[in-house]
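Working notes, structure below.
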Amino acid sequence: MSDCIFCQIIRGDIASEAVYVDERCYAFRDIDPQGPVHVLVCPREHIARVSDAQPTQEDLLGHLLWVAAEIARQERISEGGYRLVINCGVHGQQAVEHLHVHLIGGRQMAWPPG
Ligand code: AMP
C-alpha cells in the first residue's frame, strides 16, 4: 500500500536499519526501542492486522515467528529469553496498520502488560 509507513520502509523509501531480509519479510530496528533489542518483523505484503490474514497466509504467519526466533539467535538474546508481541487493532493499541511482530529482549520483562 503506497501510503503505509512500513510499506515505504520495506520499499526503501524511508530509511531503516534492517537486521534480516528475505523474499517474504523485512525486519528492522524499532525507532523507539523498548529494550536493548527491539526489532519489528514485517511481511513484505501489506496485511493491515493479524486478524486480516487469510488461510493462504498461514505459512507466512509461521515464517514471521521463525524469523523472529532466528533474529533473537543472531542478536544473542535467545538464552536469556525475550518477548514477541503482535498488537492488533484498537484494544491491542496497534499504531501502525501493517502487521508486525515485535521482538523485544536484552532486559527483564514484567507481566502482565498494562
Ligand atoms: P504498534 O503499536 O504495534 O503498531 O507498533 C508500531 C511500532 O512502530 C512502534 O514501536 C514504533 O516505535 C515503531 N515505528 C514507527 N515508525 C517507525 C519507523 N519509521 N522506523 C522504525 N520503527 C517505527
Side-chain angles (χ1 to χ4, degrees):
M1 223 170 73
S2 57
D3 59 344
C4 164
I5 185 171
F6 284 0
C7 285
Q8 292 176 70
I9 286 173
I10 291 162
R11 284 200 304 269
D13 295 344
I14 293 177
S16 65
E17 188 184 343
V19 296
Y20 180 99
V21 176
D22 69 20
E23 71 286 352
R24 286 188 282 176
C25 72
Y26 183 91
F28 56 100
R29 294 198 194 280
D30 197 291
I31 203 167
D32 181 21
Q34 300 303 308
V37 175
H38 190 168
V39 172
L40 304 174
V41 185
C42 300
R44 284 186 179 275
E45 63 184 287
H46 183 86
I47 302 169
R49 299 178 177 189
V50 68
S51 55
D52 291 331
Q54 300 300 304
T56 53
Q57 293 167 322
E58 194 176 337
D59 283 355
L60 175 61
L61 296 184
H63 185 65
L64 299 178
L65 293 184
W66 168 258
V67 167
E70 194 61 27
I71 295 167
R73 285 187 277 276
Q74 192 177 291
E75 297 282 325
R76 303 188 185 284
I77 58 170
S78 265
E79 199 173 323
Y82 50 85
R83 185 165 293 170
L84 301 180
V85 175
I86 299 175
N87 295 325
C88 180
V90 175
H91 285 184
Q93 290 221 304
Q94 181 179 2
V96 177
E97 291 257 335
H98 182 128
L99 170 61
H100 49 283
V101 179
H102 293 258
L103 163 65
I104 306 169
R107 68 168 172 84
Q108 180 63 53
M109 304 284 164
W111 189 264

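Numbering of ligands and ligand atoms starts at 1, following listing order.
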What atoms of ligand 1 come closer than 4.0 angstrom to any heavy atom of [X]?
{"X": "A95", "result": "1 (P), 2 (O), 4 (O)"}
{"X": "Q93", "result": "2 (O)"}
{"X": "D32", "result": "12 (O)"}
{"X": "H102", "result": "1 (P), 3 (O), 5 (O), 7 (C), 10 (O)"}
{"X": "R29", "result": "21 (C)"}

Keeping the roles fixed (side chain from Q93, backbone from H91), state whether a donor-acceptor pair exists under 3.5 Å. no
Sub-3.5 Å donor-acceptor pair from the side chain of Q94 to the main-chain atoms of A48, do we have one? yes
Geometry only, no angles: is [X] polar-contacting ligand 1 at N/O separations under 3.5 Å?
{"X": "H38", "answer": "no"}
{"X": "D30", "answer": "yes"}
{"X": "F28", "answer": "no"}
{"X": "F6", "answer": "no"}

Please collect all ring pair (Phe, Tyr, Trp, His ring centres under 6.0 Å) contacts where either partner lies in residues 50-87, sequence neighbours excluded, each pair once. none
Would L64 end up clustered with I104 when hydrophobic side chains under 4.5 Å apart are linked, directly or stepwise? no
Say whether F28 and V101 are linked into one hydrophobic cluster, either directly or through other cluster members, by side-chain heavy-atom distances under 4.5 angstrom. no
Proximity of [X] to ligand 1 by residue part, where a heavy atom lies under 4.0 Å:
{"X": "L40", "value": "side chain"}
{"X": "I9", "value": "side chain"}
{"X": "N87", "value": "side chain"}
{"X": "H100", "value": "side chain"}
{"X": "Q34", "value": "neither"}

Can you check side-chain contact (heavy atoms from CB on, under 4.5 Å) on L60 and E45, steps first, answer last? CA-CA 10 Å; L60 175 61; E45 63 184 287; 3.5 Å; yes
Students often mix this up, so state it plainly: with edges at 30° and 60°, are the rings of H102 and H38 parallel, tilted or perpendicular? tilted
Identify the closest protein heavy atom to atom 16 (N) of ligand 1: which residue and atom is it, and at what distance? I5 CD1, 4.0 Å
For atom 21 (C) of ligand 1, the protein heavy atom that lies nearest, with its residue and separation: I31 N, 3.3 Å
Should F6 and L40 count as side-chain neighbours, where that means a heavy-atom distance under 4.5 Å? yes
Beyond-backbone contact of R44 with R24, side-chain heavy atoms, under 4.5 angstrom: no
Restricting to pairs with a member in residues 5-19, which pass side-chain hydrogen bond (donor to acceptor under 3.5 Å, both in side chains), not counting sequence neighbours? R11-D13, S16-Y26, E17-R29
